[in-house]
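One structure below.
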Amino acid sequence: MKFLKNLNSKLVFSFLLFSFIANAQKNNLAQTFYKHDKYLSSDKLEGRFVGTKGNNDAAAYIKKYFKKYGLQKFNNTYDQFFKVFVKEGINKMKSDSVSTQNVFGFIEGSDEKLKKEFIVIGAHYDHWGWGGKGSGSKKKDTIAIHNGADDNASGVSALLCILEEVSKLKIKPKRSIIFISFSGEEEGLFGSKYFVNHLPVKKEAVKVMLNMDMVGRLNAEKQIYMGGAGTFPNGVELMKKLGQNSGLNPVVFAGDVGGSDHVSFYKASISAIGFHTGGHPQYHTPEDDIDLINFEGGALVAKYIYNALVSIANYNEELVFIKQD
């Protein structure tokens, strides 16, 4: 009996220790998510409008963490510069053509053969600056900073959280992974279109793209929405399976690819999934601020997408593009 009591005590202790570690890891991830979102959506960056100092500061922040977590560079740089055409006068722009950049790098896969294939994971970092007429603001008569805490500081926060977790893996996933933060999304997916048309690797080597746009407002039902899960083999089944014990309720669509940067990949016949936590009244308004972000929910979403990324990068089945109606 004494032996059984000791055994039970050890089992209870082990369970409590496991629970403590799991909760600590979740809380750390939530704090990291909040830290990134708070900076990227701060007034200091003035809404991250393309071609502005705030947009460049956001890019510099992302590059700092890309370097910290060991991303390799393409052609000795994290930058991919391109032009965006904007209406003159928006956000005090004096020209209709401004320069901005995608920020990207990669982690090499661990399998000698499969490392020649690439999974892309991304999120756009630009937003609408001070808004105003000609912009995408829902309050065009209001000149105020559009911080875009959900759209899309949240997606970049998740991206950096996921990168940090991947960097901790002693054995990296079999396929190589490109991490990218796009600019120019709000004006018409400019950054992702440019990237797809100027890939740093052969197009046929890019197998799947995962995109996060507005993942910071997880609702009470814990629903993470995704479109495009059917664009690669057994994608729908994988996404549903990953929902088990995740703390989330995935709403999975085979098609319904959506309207963010992953669409640029889908139109180029590259499998693509877009993740989001739903719309809200603060979308494209000055009220999309950090105080409304569910950062603990953001941590759950980041962990779920991390598991999806690693699972796909380690896929035993051949990754082929499946067109959806």
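FYI, side chains are in, hydrogens and waters are out, and symmetry mates aren't considered; it's all heavy atoms of this structure. Here the structure is a predicted model, which means the values were calculated and not measured.
Between S183 and V84, the closest side-chain pair of non-hydrogen atoms is not below 4.5 Å. Put simply, the side chain of I224 reaches to within 4.5 Å of the side chain of T277, judged on heavy atoms. Counting heavy atoms from C-beta outward, E46 and T52 have side chains that stay 4.5 Å or more apart. By the 4.5 Å heavy-atom criterion applied to side chains, Y65 and L163 are not counted as neighbours. Between S246 and L300, the closest side-chain pair of non-hydrogen atoms is not below 4.5 Å. Looking at F33 and I293, their side chains come closer than 4.5 Å, going by heavy atoms from C-beta outward. Side-chain contact check for I312 versus L319: some heavy-atom pair is nearer than 4.5 Å. The closest side-chain heavy-atom distance from V103 to F66 is below 4.5 Å.
Checked by atom type and distance alone, the side chain of K193 pairs as donor or acceptor with a backbone atom of G188 at under 3.5 Å. Panel note: side chain R48, backbone Y125; a donor-acceptor pair is recorded below 3.5 Å. Panel note: side chain N294, backbone L218; a donor-acceptor pair is recorded below 3.5 Å. Between the side chain of H262 and the backbone N or O of V257 there is at least one donor-acceptor pair closer than 3.5 Å. Counting only distance, with no hydrogens or angles, the side chain of T231 and the backbone of A272 share a donor-acceptor pair below 3.5 Å. D126 contributes a side-chain N or O that, together with a main-chain N or O of G184, makes up a donor-acceptor pair within less than 3.5 Å.
A pairwise comparison of heavy atoms in Q324 and G230 identifies NE2-O, 2.6 Å as the closest pair. The two residues S135 and W128 come nearest to each other via the heavy atoms CB-CE3, 3.8 Å. The heavy-atom pair separating P250 from M239 by the smallest distance is CG-O, 4.0 Å. Of all non-hydrogen atoms in V252 and A229, the two that sit nearest each other are CG1-CB, 3.6 Å. Summarising the geometry of V201 relative to F74, their closest heavy-atom pair is CG1-CE2, 4.0 Å, with the distance given to 0.1 Å. Shortest non-hydrogen contact noted between Y304 and M226 is OH-CE, 3.4 Å.
In terms of the side chain to side chain contact (heavy atoms under 4.5 Å, CB included) criterion, residue partners of I143 (sequence neighbours excluded) are, by chain and number, W130. Evaluation of the side chain to side chain donor-acceptor pair (under 3.5 Å) rule for D79 yields K63 as partners, not counting sequence neighbours. Considering only residues two or more places apart in sequence or on other chains, S176 meets the side chain to side chain contact (heavy atoms under 4.5 Å, CB included) condition with E108, K115, F118. Residues forming a side chain to side chain donor-acceptor pair (under 3.5 Å) with H276 (at least two apart in sequence, or on another chain): none. Qualifying side chain to side chain donor-acceptor pair (under 3.5 Å) partners for D291, counting only residues two or more places apart in sequence or in other chains: none. Q80 is linked by a side chain to side chain contact (heavy atoms under 4.5 Å, CB included) to N102, F104, Y194, F195, H198, counting only residues two or more places apart in sequence or in another chain. With sequence neighbours excluded, no residue satisfies side chain to side chain donor-acceptor pair (under 3.5 Å) with K207. Evaluation of the side chain to side chain contact (heavy atoms under 4.5 Å, CB included) rule for N197 yields no partner, not counting sequence neighbours.
Two different hydrophobic clusters hold V206 and Y266 under the rule that ILVMFWY side chains link at heavy-atom gaps under 4.5 Å. Note on L45: it clusters hydrophobically with Y61, by side-chain heavy-atom contacts below 4.5 Å among ILVMFWY residues. The hydrophobic cluster containing Y69 does not contain I178, counting ILVMFWY residues as joined when their side-chain heavy atoms lie under 4.5 angstrom apart, directly or transitively. Hydrophobic clustering places I162 together with L160 (ILVMFWY residues linked when any side-chain heavy atoms are closer than 4.5 Å, directly or through intermediates). Under the 4.5 Å side-chain contact rule for hydrophobic residues, L242 and V208 share a cluster.
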Problem - Test side-chain contact (heavy atoms from CB on, under 4.5 Å) applied to S269 and K323, step by step - result: CA-CA 8 Å; S269 299; K323 184 175 175 59; over 6 Å; no
Practice task
Step by step, work out the side-chain contact (heavy atoms from CB on, under 4.5 Å) result for D261 and D213.
Solution key: CA-CA 8 Å; D261 285 305; D213 196 345; 5.6 Å; no
Practice task
Just do the side-chain contact (heavy atoms from CB on, under 4.5 Å) check on T100 and V98 with the steps written out, would you?
Solution key: CA-CA 7 Å; T100 188; V98 298; 5.6 Å; no
Practice task
List the steps and the verdict of side-chain contact (heavy atoms from CB on, under 4.5 Å) for N91 and V86.
Solution key: CA-CA 10 Å; N91 285 268; V86 298; over 6 Å; no
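By the 6.0 Å contact criterion, NZ on K73 is enclosed, its count of non-hydrogen atoms from other residues, nucleotides or ligands being greater than 12. Open room surrounds NZ on K240; 12 or fewer heavy atoms of other groups in view lie less than 6.0 Å from it. Shown here is K241, whose NZ atom has no more than 12 heavy atoms of other residues, nucleotides or ligands within 6.0 Å.
From I107, atom CD1 reaches atom CG of L169 across 8.0 Å, with rounding to the nearest 0.5 Å.
Salt bridge annotation for D141-K133: present, with a cationic side-chain nitrogen under 4.0 angstrom from a carboxylate oxygen. One finds a salt bridge joining E165 and K168 here, because a Lys/Arg side-chain nitrogen approaches an Asp/Glu carboxylate oxygen to under 4.0 Å.
Under a 4.5 Å side-chain heavy-atom cut-off, the cluster of Ile, Leu, Val, Met, Phe, Trp and Tyr residues that includes L114 has no other member. Hydrophobic side-chain contacts under 4.5 Å tie F253 into a cluster, directly or through other members, with Y225, V251.
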Without placing hydrogens or testing angles, list every side-chain donor-acceptor pair under 3.5 Å for residues 144-153, not counting sequence neighbours.
residue : atom : partner : partner atom : Å
H146    : ND1  : A144    : O            : 2.8
H146    : NE2  : S137    : OG           : 2.7
N147    : ND2  : S41     : O            : 3.4
N147    : ND2  : D43     : OD1          : 2.9
N147    : ND2  : D289    : OD1          : 2.9
D150    : OD1  : S154    : OG           : 3.1
D150    : OD1  : V215    : N            : 3.4
D150    : OD1  : G216    : N            : 2.8
D150    : OD2  : H280    : NE2          : 2.7
D151    : OD1  : H124    : NE2          : 3.2
D151    : OD2  : H284    : NE2          : 3.0
N152    : OD1  : G155    : N            : 3.0
N152    : OD1  : M214    : N            : 2.9
N152    : ND2  : H124    : O            : 3.0
N152    : ND2  : M212    : O            : 2.9

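The distance between the ring centers of Y315 and F232 falls below 6.0 angstrom.
Each ring-ring contact (aromatic ring centres under 6.0 Å, His included) pair with one or both residues in residues 154-192, not counting sequence neighbours, would appear here, but there are none.
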